[in-house]
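Before any comments, here is the structure.
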Amino acid sequence: MSALLQASRVTFQRQGEDVFEATDLTLNAGQATVILGPNGSGKTTLLRLLAGILKPASGTLERSARTAFLGHLPALKGELTCRENLDFLARFHGAGTLNSSKALARVGLAGLGLRPARALSAGQKRRLGLAGLLVSPRPIWLLDEPYASLDDAGCRLVDTLLEGHLADGGTVALSTHQHKPQLAQGFQTLQVSPARRAEVA
Amino acid sequence: MSALLQASRVTFQRQGEDVFEATDLTLNAGQATVILGPNGSGKTTLLRLLAGILKPASGTLERSARTAFLGHLPALKGELTCRENLDFLARFHGAGTLNSSKALARVGLAGLGLRPARALSAGQKRRLGLAGLLVSPRPIWLLDEPYASLDDAGCRLVDTLLEGHLADGGTVALSTHQHKPQLAQGFQTLQVSPARRAEVA
Amino acid sequence: MIPELEYASFVWSSYGIFAVVVAWQILQPVLYRRRLMAELREEQALQSGEYDDPNP
Amino acid sequence: MIWKSIKVGFHRLGSPPTFYRFCLLLSPWLWAGFAICTIIGLYYAFYVVPPDYQQSDTVRILYIHVPAAWQAMAGYVVMAILAMIALVWRIRTTEIMAMMCAPIGAAFTLICLATGSIWGRPMWGTWWEWDARLTSMLVLLFIYLGIMGLYAAFEDRRKGARVACILVLVGLVNIPIIHFSVEWWTTLHQGKTIRIFGESSMHYSMMPPLIWMTIAVKLMFGAALLDRSRNELLSQDRRKGWVAKKLLGKGVK
Amino acid sequence: MSAMLALLLRDLRLAIRHGGESLMPLVFLFAVIILVPLGVGPGPNLLAAIAPGMIWVAALLASLLALENLFRPDHEDGTLEQWWLGHLPVTGLVISRLLSHWLVTGVPVILFAPLAAQMLYLPPQSLSVLMISLLIGTPILSLIGGLAAALTLGTNRGSVLLPILVFPLVVPVLIFATGAVAAAADDLPVRANLGLMLALLVLAITLVPLAATAALRLNIE
Amino acid sequence: MSAMLALLLRDLRLAIRHGGESLMPLVFLFAVIILVPLGVGPGPNLLAAIAPGMIWVAALLASLLALENLFRPDHEDGTLEQWWLGHLPVTGLVISRLLSHWLVTGVPVILFAPLAAQMLYLPPQSLSVLMISLLIGTPILSLIGGLAAALTLGTNRGSVLLPILVFPLVVPVLIFATGAVAAAADDLPVRANLGLMLALLVLAITLVPLAATAALRLNIE
Ligand code: HEM
Ligand SMILES: Nc1ncnc2c1ncn2[C@@H]1O[C@H](COP(=O)(O)OP(=O)(O)OP(=O)(O)O)[C@@H](O)[C@H]1O
Ligand SMILES: Nc1ncnc2c1ncn2[C@@H]1O[C@H](COP(=O)(O)OP(=O)(O)OP(=O)(O)O)[C@@H](O)[C@H]1O
Ligand SMILES: [Mg+2]
Ligand SMILES: [Mg+2]
C-alpha cells in the first residue's frame, strides 16, 4: 500500500496556543480514514492542514498526489449555474473523464444544470459540492462532514462514491458526526483531541 | 391543547409551479412536529412559509404567537462577537429571562462570548444559533435541520432544549435527516411530498 | 404642401423617426412570434416523437 | 357591485386561453383603425393646415410630438392601473399586460424626446436643455427602460413582473411632474396651450389633425399591447396544456 | 421602536467595524479636493465655480458605492428573512436601514462640506445654500438608492441594473442642487430649485419605504 | 496557466453577471462628465483645465470601489482556500485576479477617456498623454489596491484600513499623471512625470503579487 499523504507530529497554533495535540496520520491508497471528535475539537483545522491550506506550526507533511478539499463552506458561486460551477472546477483543477453533465447526474442533480447554484436546497448544494470532486481526478479527498444535510439516499450516494474512489486507488479522510460511513472494506479512525491548555504556573 | 399555528391547504409556487402538495398542519402547544422528506422536497420552503417569510400562493395560515426561525443560513454577523450577536437578537425580538451569557453557557459556548462569530467552528456556529432561540421568548420554534453539524452531546442538547420549550407551553416544528429527536412525549411527523408537475395534455 | 423648404428637413426627420419607431413596434411582435412558434413546434415535435427536421 | 363585476370580468380574461382568443380577435381591428386614422391625420397635417405665422412649417412636428407625448404618459397610467390590479389580485394576464406596456411606452417617449429635440433646434436654438419638462420626460424614458430591465433580470417571470410592478407604481409620481412642470417652474417649454374643455389657445384649424393623430396613436398602443401580451403569454405557458392543444389542433396562427 | 433602534445601532457598529464604506465618502471628497486644484491651478474663481459640482459628485458616489451592501449581505447570511417573523413592522426596519445608510454616506459629506468649500474658495453666500441642498438632497439619494437596491436584490444580473435604475433618478437631484448653489453665487433666487428638491424628498420619504418593503418581500422568496 | 485562465474567465463572467461594479467605472466617468459641466457652466477653458483631474478621479474611484470585492467574497464562500490545494502557483492566481480587476475597472475608463476628454474640451495634444498616463497608471491602482485588499482581508476592522493604506500610495500616482497632462497642455515636456510612473509600475508589478500572496496566506488562517 502506498502512502499518498503522510503527516507526522503536525500541530497548528492559534494565538500562540496549540489547537489539538500533535497528530500522526498516514493516508494510504485504497484506505479511508474517519476523523472523529466533538464540536470545536479541531477536525476542520486538521483537514485544512492536511490539504495545505494552513501551514503546520510544527511537524512535517508530505503529499504525493493532488488533493481535493470539500469544506463546510460550499466553494460555489451562487450566481453561476450548477454546470458553470462544475465547468470552472474542471478547468481550474484539470478535467477528468466525467464531464459536468455526467457528474450532475451522478449526484442526483440531473436536469438542474442551468439552475443558479444559490437556488438549490441545502442538500442539493452539498451534492453539487460532491459533483465537484468528480469532474477533476484528484486522488486525495479531504471531506469535512460530507454527510451533513444529506438524506438517506444522499448518505448512500456518498458511500458509493467513496468506495468507487478507493477502488480507483484514491484515499479519503473525512470528518463526521452522526452518520458513519458504511464501507465494505471498513476504515481507520482518528480521534482529534483538543490540546490541553498550558497550565498557569 | 391550544393551537399556536394552523395551516390549511397551504401551497407555494416557484415559476408558476407548486413546490409541494397542499399541506395541512397544526402546531399545538406542548407538541413537537418533525418534517421529513428527501433533499429538495420542500421542507425548508414549508418552514419558511410557516414562519411568514414566504407568502402562501393559496391556503390560509394563522399564527397566534411569536415565531422563531432557525434556518440553514446562520443569521449571524461574523464581524460581531458571539455576545454582541445575542444581545442584538434580544433587543431586536424583545429580551427574555435568559441573558446572553447564560444562553451561551446553556449551549456549551461558555467563555467564547468575546470571540467574533466567524471564528467559530461549524458546530459552534449552530450552537450559537440555538442560543439565539433562548435569549428572546418566542413560543413557536421553526427549526431547519437543528441537528446538522452537531456532535452527540450537541444532539442531546437540542433534545433537552426542545423538551424544556415544550414543557413551557411552546411548540416546535423541525426538519431533519439523519438524527430524529429523542423526546419523552414523542412527536407527530409530516411527510413533505414534492408536487407532481402539471401534465402536458 | 411644404412651401418653405427652410425647415423641411426638421419636419421630415421628425416624421421619419415616428415612422421608424411605429414600424418597429409592428414588426417586433411579429418576428418574436415567428421565433416562438418555431421553438414551440420543435418542442412539440420532440415530445410527440414525430420530429421532422425543418431543413431536410 | 361595479367592483365585483369588474373583478369577475378580469378573472374571466385572466384565464389564459380566453385572453389569448380575445387578443387574437381584437388586435386586427385596432391596427385597421390605426391605419385609417393616421391617413386622415396626415392628410390634414400636410394638405389642410396652413403654416403657423410664428413657427412656420415646423408646427407640423406638433402632430406627432404632442400625440406621442400624451401617449407616453397615458401608456404609463394604463400600465400603473394594470400593475395595481396585478399586485392586489395577482391576476397573471394583467401582470403580463402591465409589463408589455413598457416597451411601447418607451417607444413613444423616445418619439416625443426626439421630435421635441428636433423642434427645439429651430425654435429655441438648442437641442437640449436641462429644464424641468425635458428632464422629467427623460426620466420617464429611463423609468420605462428600468422596468423592462428589471422584468428581464428575473428567471421567475411572475416574480419579475411583481417586482417591476412596484417600480411602475413608484414611477407614477413622475407623470404629474411632467404634466405640471410647465406651471410649477419657469421652463423653456411652452405652457399649456391645448384644452379639451374650455378655450384652447391654439387656432381651431390646427385641431383636427391633432385629434386624428391622437386617436391613431392610442389605437396603435392598444394593438401593439395585445400582440405583445399574446406572445408573452404563449412563451410563459409553453409547457401548459392549452398551448399544446392549440398547437395540436388546427395549428396556431 | 426598540427593534428599529437595535437594528440601527448594529448597522452603525458593523459600518465602523467592517465597512470601508464608512470612510469612503471622505476619501472621495478629499481625493477631489486635492486633485482638482492640481489640475486647475490655484485660481480661486475657477475652483469656486466647480466646488458645488465636486462636492455633490462626491456625495453621489459615496451613496452609490454603499448600495450593494445595503441589503445583500443580510440576504446572504439569512439575517434579512428574520425581519418577517411577524411581530415587527418591516417598513420600520427598512427605514432604520435607510437611515443608517444616510448616516454613513451622507452625513460625513455634509459635515466636511464646509471644509471642502473653504478649500475650493466657494463664496460664503453659497455655502449656506450648498449645506441646505446637501441636507435635503443626500437623504433623497439614500432613499432612491435603497429602493433600487431592494428591487434588484433577487435578480440574477444583480446590479448591472442598479446604476441604470438609480442614475436617471438622482441626476435631476444633482442638477437642481448645483443649480441652486450656482444661483446663490450669482445672488439669484434659489427658492425654486430648493423647493423642487424638498418636494422630491417628501415624495421619496412617503413612497420609498413602503415600496422597498414590498420589493424585499418579493425578493427573499 | 489554464487554471489562471479559468479563474480570469470566471471572474469576468461574474463581473458581468453580478457586479454592478462592472458598470460603476463608466457610471462614475459619466457622472463626472455630465455633472461637472452642470456645476461649472460650459466654459471650455475651465473644463479643459479640470478634465484630466476629473477623469483620473473617476479611474481612482472605480478602482477603489471594487477592492472590497477583490478577495472577500471568495474568502467568505470558501473559494479562496481552494487556491492552496498545492498544485497551482498561487501567485499566478493572484496575478490573474488583479488582471481581472484592472480589466473591469481600469480598461473601461481608458476606453471611454477619449470621449470624456472630448466632452470636456481637453486640448488634442494632451489627449495622447492622458491616455498614456491612464495606461501606465490604472494598473498601478489595481496593484496597490490589491495589496491593500489582501493585507486587510483577515482583519476585524476590515476596510476602514483599506483607504488609509491605499490613499497615500495612490495619490502620488495621480499627481504625476495629472501633472503630465497639464504639462502637455502647456507644451512642456512630460518625460519626467511619465517616467516616474513607469518606474512605479515596474516596482509594483515585481513586488505586489508576491506580497499579496503572502498576505492572503496569512489571512485565510
Ligand atoms: C426634447 C424636447 C421636448 C420634450 C421632452 C417635450 C415634451 C413634451 C411633453 C411631455 C408634452 C405633453 C405635456 C402634457 O400634456 O402634459 C409636450 C407637449 C407639447 N410640446 Fe413639447 N417637448 C419638447 C420640445 C418641444 C418644443 C421645441 C416645442 C415647440 C416649440 C414643443 C411644443 C409642445 C406643445 C405645443 C405641446 C402641447 C402643450 C399642451 O399640453 O397644451 N415641445 N411636450
Ligand atoms: N478563525 C478562527 N480563529 C480562531 N479560532 C478558531 C477559528 N476557527 C476555529 N477556531 C477554533 O478552533 C477550534 C477548532 O475548530 P474546528 O473548526 O477545527 O473544529 P471542528 O472540530 O471542525 O468542529 P465542528 O465539529 O464544530 O466542525 C474551535 O475551538 C474553534 O473555536
Ligand atoms: N431560490 C430558489 N429558486 C428556485 N428554486 C428553489 C429555490 N430554493 C429552493 N428551490 C427548489 O425548491 C425545492 C425545495 O427546496 P427546499 O430548500 O425547500 O428543499 P428541502 O426539503 O429543504 O431540501 P434539503 O433537505 O436539501 O434542505 C428544491 O427542488 C429546490 O431546488
Ligand atoms: Mg468542522
Ligand atoms: Mg432544506
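So that the names make sense, note that chain A is the first sequence line, chain B the second, and so on, each numbered from 1.
Counting heavy-atom pairs under 4.5 Å between each of D:Ile166, D:Asp156, D:Leu138 and chain E puts D:Ile166 at the top. Ranked by non-hydrogen atom pairs under 4.5 Å with chain E, the options D:Thr135, D:Leu87, D:Leu167 are led by D:Leu167.
The side-chain contact (heavy atoms from CB on, under 4.5 Å) with E:Leu169 is formed by just one residue from the set D:Val139, D:Asn174, D:Val170; it is D:Val139.
Closest of all the heavy-atom pairs between E:Leu151 and D:Phe154 is O-CZ, 3.8 Å.
Within 6.0 Å of CE on D:Met84 lie no more than 12 heavy atoms contributed by other residues, nucleotides or ligands.
Interface remark: E:Leu210 contributes no atoms to any contact with chain D (heavy atom separation under 4.5 Å). For E:Leu207, the part sitting under 4.5 Å from any heavy atom of chain D is the side chain, from C-beta outward, and nothing else.
Taking CG of E:Leu218 as the start and CZ of D:Arg158 as the end, the distance is 11.0 Å to the nearest 0.5 Å.
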